[in-house]
Structure formats: structure tokens, C-alpha cells
Visitor: 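First the structure, then my questions, so here it is.
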2 protein chains.
Amino acid sequence: MPSTNPSDPHASPDRKASLGGALRRRILTMHLAPGAVIDETELAEEFGLSRPPVREAMRQLAGEGYIELEPNRPARVTPLGYRSLRDFFLFAPVVYVASTRLAAERRTDAEVAELKEIQHRFRAAIRDGDVDGRVFENDRFHLKIGEMAHNAYVLPSLRRCLIDHARIAKVFYEDQLAARHPKMAEERDEAAAQHDEIIAAIEARDPDRAEALVRAHLDLSRRNMAMYAAPEGMAIRFDN
Amino acid sequence: MPSTNPSDPHASPDRKASLGGALRRRILTMHLAPGAVIDETELAEEFGLSRPPVREAMRQLAGEGYIELEPNRPARVTPLGYRSLRDFFLFAPVVYVASTRLAAERRTDAEVAELKEIQHRFRAAIRDGDVDGRVFENDRFHLKIGEMAHNAYVLPSLRRCLIDHARIAKVFYEDQLAARHPKMAEERDEAAAQHDEIIAAIEARDPDRAEALVRAHLDLSRRNMAMYAAPEGMAIRFDN
DNA sequence: GGACTACCAGCTGTCTACAATAGATAGGAC
DNA sequence: GTCCTATCTATTGTAGACAGCTGGTAGTCC
């Protein structure tokens, strides 16, 4: 019985919260691939729980959009289809702009400080070549801005977008060919620089500038994704 | 044991779906007031279920924003504070406009037909003075438009807004003093007429007109809410 | 008389065991 | 040989019982 083992890292007092956090992270970083089936029994054993609390956690994750449930069928990680990309770039700007504008108007000093800490960890992950950490801290960064908006409706909307933001980004980052592309390093640095500018605009309580910056930030992602999904043809001549 | 009673209306094959639907409806129509505690045991008995499936349903509802959960504390219906009104009218236009524009671009004929059916039931509820039915069908109407947008991110965002749209409207409609106000009947008819115009714009695949209409629709609600929350002073003279 | 403490009731959280359903596999019929 | 069908297994869904926490109450001490 794994739960009786004191060295088990998951035998902590709140194993359920641990389960939820772990599942979210695995889905965001694509360690659980879109469409992958999730076995209740397996998770229960891994976290030293019985199935009912695991099932509760699954329901919650389903409500948040991480997984999808069908009756009498195993739970599956929310798929990420070709349509997701289009859907995302249609709706995400709306949510991100609303979130960032409100954050610029309503932020507290303590929140700005916390945002800077997240950005610090984000830059550290880039420096260390830690792709998962980079995806995760980027998620935390935008989520924190959503919290700073202090609006009960913005935050859940943003959360749903961020799930697929992270997963779309991960697809791009982990592609080895794309990773070697010189534009890749450029994009990485520019994204980090944009984060700094967004922080500055929010700190200065300047919604207009914050909006312009976050639009540019999303546009950078969008252009990279387009380049990745529909690259230029290879420079090969068939004339030898 | 209520579940063994064949005449029990809740002993249907899918009691859990029934539970979720009933709870959502009760919360939308304010039969479960904001902040009200929800007793698991009570619900389990009412729907002829044991507590685990009830708890699962609660988690799902929490994820969707209907209720709030805290550890070792009873579940509570999501509160509806003075800030909710402001938050709602700040963010709802953004979501409704996105939803309606996309619906106008992507709708199918079958969906338009279904939307007209919902509108038919909405008008019937108004005619019959059925306040709960009016609130519920209005919710269904806007939700259907969200489905017609065929965008995985818009729909959950809209869902969260609609929960409080229904509840805010219910506060207004059920106020007896406001109900007697002559503006009330006017607003009722105008809202229904706007629904018809929105349907027409979506059917005509005209996103711009649909956007203008839905903005006007929200503005009508907003003005009424403002009037309700901050009415003009009473016309009483203290001179006798 | 007021305040602190220990007990107690009720609820939430969890576990084990059982029932029901879906998919897979093997057997038989055409 | 192919298709259909029936059984069988693995997984999901549910029930009932137990453990742990919270809040209230009553009793006692200062």
C-alpha cells in the first residue's frame, strides 16, 4: 500500500490538491498528450488515494476545461485540433486585452511585486533551457495578470484560454527543427522583453499602453505559429 | 428509501444528470439564493443517490462557476455581491459581442431554427407571466448563440457570464415595486423584439448588425439595472 | 459574572466493496 | 472465409460505512 510508505512524496496531508496540481501541470506541459486517456485506478495508486476523490478531482478539471468526460467512458485530455489554433487566436486577444487593461487599472503594489517574481523565474527558465518551466511560468505570468484584473468573469475565461496557450506553445517549442531556427531565440528574447514592458505599463497604470503591448505579444505568438504551421518551402533546386 | 419508490420522479435512469440540471436551474432562478449553503446529504436523499455522485456533481458545478467549495466547509452558491454588477457589465459586452459576431458568421440553418424555437418559448413565458421560464429561456437563447459561434473558448466564457446575467435579471424581475413600474412592460417587450432582430441578423450572416443589436440589448439591461440600483427619489413633498 | 476549555453533534472527506456497462475475443452459422 | 453473436473481462458508476475536522454548547474555573 503506497500511502503507508512515509518516503512516498505523494503521501502528503493534502494529496488531492497535489493530484489536481500535478494533472494540470502534466496537461499544460503536454506530458499528458491531448486526447490521451486517463486511468482512474492508476492515478489513485500513484497518489495514494482511492477512486472517489480521484473522480471528484477529474470532475473539477473537466469543469475547468482540462479534460473531457463522457458517461461510461474513460476521461480524456481535452483534444487540441487544427481548429483550436484558429479558435484561439480569434478569441484570445479579446480576453487578454480585457484582462490586461483591468489589471493596469486595479493592480496593487504587492501584486506587481509578485508579477515581477514570476517574470524572474520565467527568465531563469529561458536561461536554463528549461522548456517545461518556461511554459509553466509563462502560464503563471498571464494568470497573475488575470487575477490582478479583480474581475470574477475575466479570470475563468482567461484560464480556459491559457490552457491551450501553453499547449500550443509547447508544440512549437519542443519541435527540434523549429528550435534550431535562428528566429526561435529571437522570439524567446522578444517575448521576455515584452513581458517586462507589460509589467511596466501595468505598474504605471497605463491601460492603453498595456493593451498595445499585449496585442503585440499575442501577435508575435500568432506569427510564429503561422510560420510553424505553414512554413516557407525548402530552398532546394531539382536541377542537378 | 426513496429510490425504490417507482413513482419518485427522480428515480429516472440518469439521476445524476437530473441532479445537475435541477441545481443549475435552481441557482439561475435564485430558488437557491447566492451564498446559500448546499447540504450533500439532503440532495442525495432528494435525488435517490448516495453522497459520492452528489459530490462529483458539486465539483463539476464548482468548475462551471455555479457554486464555491472550500475544504471542510459546506458548498455555497456563488455569491452575487455589489461588485458583481459592475464586473459583469464591464466584461459581458466583450463576450456577448464575440459570441454573436462568430455566430453570425458560422451558424447553420438547423441552429437558426432551434434559436427561433427558444425565442418562441421565451415569448410564451413572457405572455404567461412565468418569470422563471422567462429567465431560463433567455439563458438558453444566449447560450444557443454561444454554441452557434463554434468556438471552444467563447462558450465557457459566455456560460460563466450567463449564470450571473440570469441571477441579476431575476433580482430585478421579482422585485414587486419594479414589476409594477410601467417601464417594466416596455423593457420586456423591447428585449423580446431585440431577440427577434438578433435572430434576423444572424440568419442574414450580418456580424456588424448583430454586434450593434447585442450591444443595444445589453445596454437596455444595463440602464434598467442602474435605474433599479439607484432609482430617482420619490415624488413626496414634506409640506403638510 | 465572564471567559476559557473540554466535550459533543453534525458535517465533510475517504475507503472498501459491489453493481452495471462497454469493448474485446472467441465461437459458430451461413 | 466472412459475418454475426454471445460470453467474458476490464473499467466506470454507485452504495454504505468509517475517520477527521469544525462549530457550537455546556460546564467549570478564575
Side-chain angles (χ1 to χ4, degrees), chain A residues 1-6 8-24 26-27 32-33 35-64 66-79, chain B residues 1-6 8-23 27 32-33 35-64 66-79:
Chain A
M1 197 170 285
S3 65
T4 56
N5 182 356
D8 186 344
H10 296 300
S12 58
D14 53 351
R15 294 158 298 175
K16 203 155 93 180
S18 157
L19 189 167
L23 273 182
R24 285 190 193 89
R26 285 179 198 175
I27 291 171
L32 278 172
V37 301
I38 301 175
D39 186 22
E40 296 177 359
T41 311
E42 215 172 283
L43 280 178
E45 282 176 13
E46 180 182 353
F47 289 88
L49 285 161
S50 66
R51 283 178 44 235
V54 172
R55 287 172 60 81
E56 282 184 30
M58 306 266 263
R59 286 276 177 168
Q60 175 133 14
L61 289 175
E64 294 171 7
Y66 287 88
I67 64 177
E68 288 182 353
L69 298 175
E70 277 180 293
N72 295 318
R73 211 161 296 279
R76 289 175 166 279
V77 178
T78 303
Chain B
M1 196 174 286
S3 65
T4 56
N5 182 355
D8 187 345
H10 296 300
S12 58
D14 54 351
R15 294 158 298 175
K16 204 155 89 179
S18 156
L19 189 165
L23 272 182
I27 291 171
L32 279 172
V37 302
I38 300 176
D39 185 20
E40 296 176 358
T41 311
E42 213 172 285
L43 280 178
E45 282 176 12
E46 180 182 353
F47 289 88
L49 287 160
S50 64
R51 282 179 45 234
V54 172
R55 286 173 61 81
E56 283 184 30
M58 306 266 263
R59 286 275 175 169
Q60 175 133 12
L61 289 176
E64 295 171 8
Y66 286 88
I67 64 178
E68 289 183 353
L69 298 175
E70 277 181 292
N72 296 319
R73 212 160 293 281
R76 290 176 165 278
V77 177
T78 303

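In the text below, chain A, chain B and the rest are named by the order of the sequence lines, each starting its count at 1. All values below were derived from every heavy atom in this structure, side-chain atoms included, with hydrogens, water molecules and symmetry-related copies excluded.
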Visitor: Could you tell me how far apart B/Leu69 (CG) and C/dC11 (P) are, to the nearest whole angstrom?
Guide: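 So the CG-P distance, B/Leu69 to C/dC11, works out to 17 Å.
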Visitor: Any donor and acceptor pair, going by atom type alone, linking the side chain of B/Arg15 with main-chain N or O of B/Gly48 inside 3.5 Å?
Guide: yes
Visitor: Quickly work out the B/Glu45 CD to D/dA15 P distance and round it to whole Å.
Guide: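 Distance check: B/Glu45 CD to D/dA15 P gives 13 Å.
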Visitor: Report the residues that fulfil side-chain contact (heavy atoms from CB on, under 4.5 Å) with B/Pro52, sequence neighbours left out, ordered by chain and then residue number.
Guide: B/Ser50
Visitor: Tabulate below the donor-acceptor pairs under 3.5 Å that side-chain atoms of residues 66-77 of chain B make, not counting sequence neighbours, or state none.
Guide:
| unit_1 | atom_1 | unit_2 | atom_2 | d |
| --- | --- | --- | --- | --- |
| B/Arg76 | NH1 | B/Gly35 | O | 2.5 |

Visitor: Just to verify, what does A/Glu64 make a salt bridge (charged side-chain N to carboxylate O under 4.0 Å, His left out) with, not counting sequence neighbours?
Guide: A/Arg24
Visitor: Is there a side-chain contact between A/Glu56 and A/Lys16, using heavy atoms and a 4.5 Å cut-off?
Guide: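 They are in side-chain contact.
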Visitor: Starting at CD of A/Glu70 and ending at C1' of D/dT11, how long is that distance when rounded to a whole Å?
Guide: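 It works out to 15 Å between those atoms.
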Visitor: Hey, are the side chains of A/Leu61 and A/Met58 touching, using non-hydrogen atoms and a 4.5 Å cut-off?
Guide: no
Visitor: Starting at atom CZ of A/Phe47, determine the distance to atom P of C/dT14, rounded to an integer number of angstrom.
Guide: 14 Å
Visitor: Measure CD/B/Glu42 against P/C/dT12 and give the value in whole Å, please.
Guide: 10 Å
Visitor: Which angle, rounded to 10°, do you find between the first-five-pair axis and the last-five-pair axis of the helix from C/dG1-D/dC30 to C/dC30-D/dG1?
Guide: 0°
Visitor: Rounding to a whole Å, what distance do you find between B/Arg15:CZ and C/dA20:P?
Guide: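 Value for this atom pair: 11 Å.
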Visitor: Starting from P on D/dA10, measure out to CD on A/Glu40 and report it in whole angstrom.
Guide: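 So the two atoms are 17 Å apart, to the nearest Å.
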Visitor: Is B/Ile27 close to B/Thr78 at the side-chain level, that is, under 4.5 Å between some pair of heavy atoms?
Guide: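 Sidechains of B/Ile27 and B/Thr78: no contact.
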Visitor: Could you check which of D/dT12, C/dT12, C/dT14 has an atom nearest any side-chain atom of B/Asp39?
Guide: C/dT12
Visitor: When you compare the protein's N or O atoms with those of nucleotides 17-19 of chain D, which come within less than 3.5 Å of each other, and at what distance?
Guide:
none

Visitor: Restricting both atoms to N or O, compile the protein contacts to nucleotides 22-24 of chain D shorter than 3.5 Å, with distance only.
Guide:
| unit_1 | atom_1 | unit_2 | atom_2 | d |
| --- | --- | --- | --- | --- |
| D/dG23 | OP1 | B/Arg73 | NH1 | 2.6 |

Visitor: Under 4.0 Å: is that the gap between some side-chain N or O of A/Arg59 and OP1 or OP2 of D/dT12?
Guide: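 A/Arg59 to D/dT12 OP1/OP2: no side-chain N or O under 4.0 Å.
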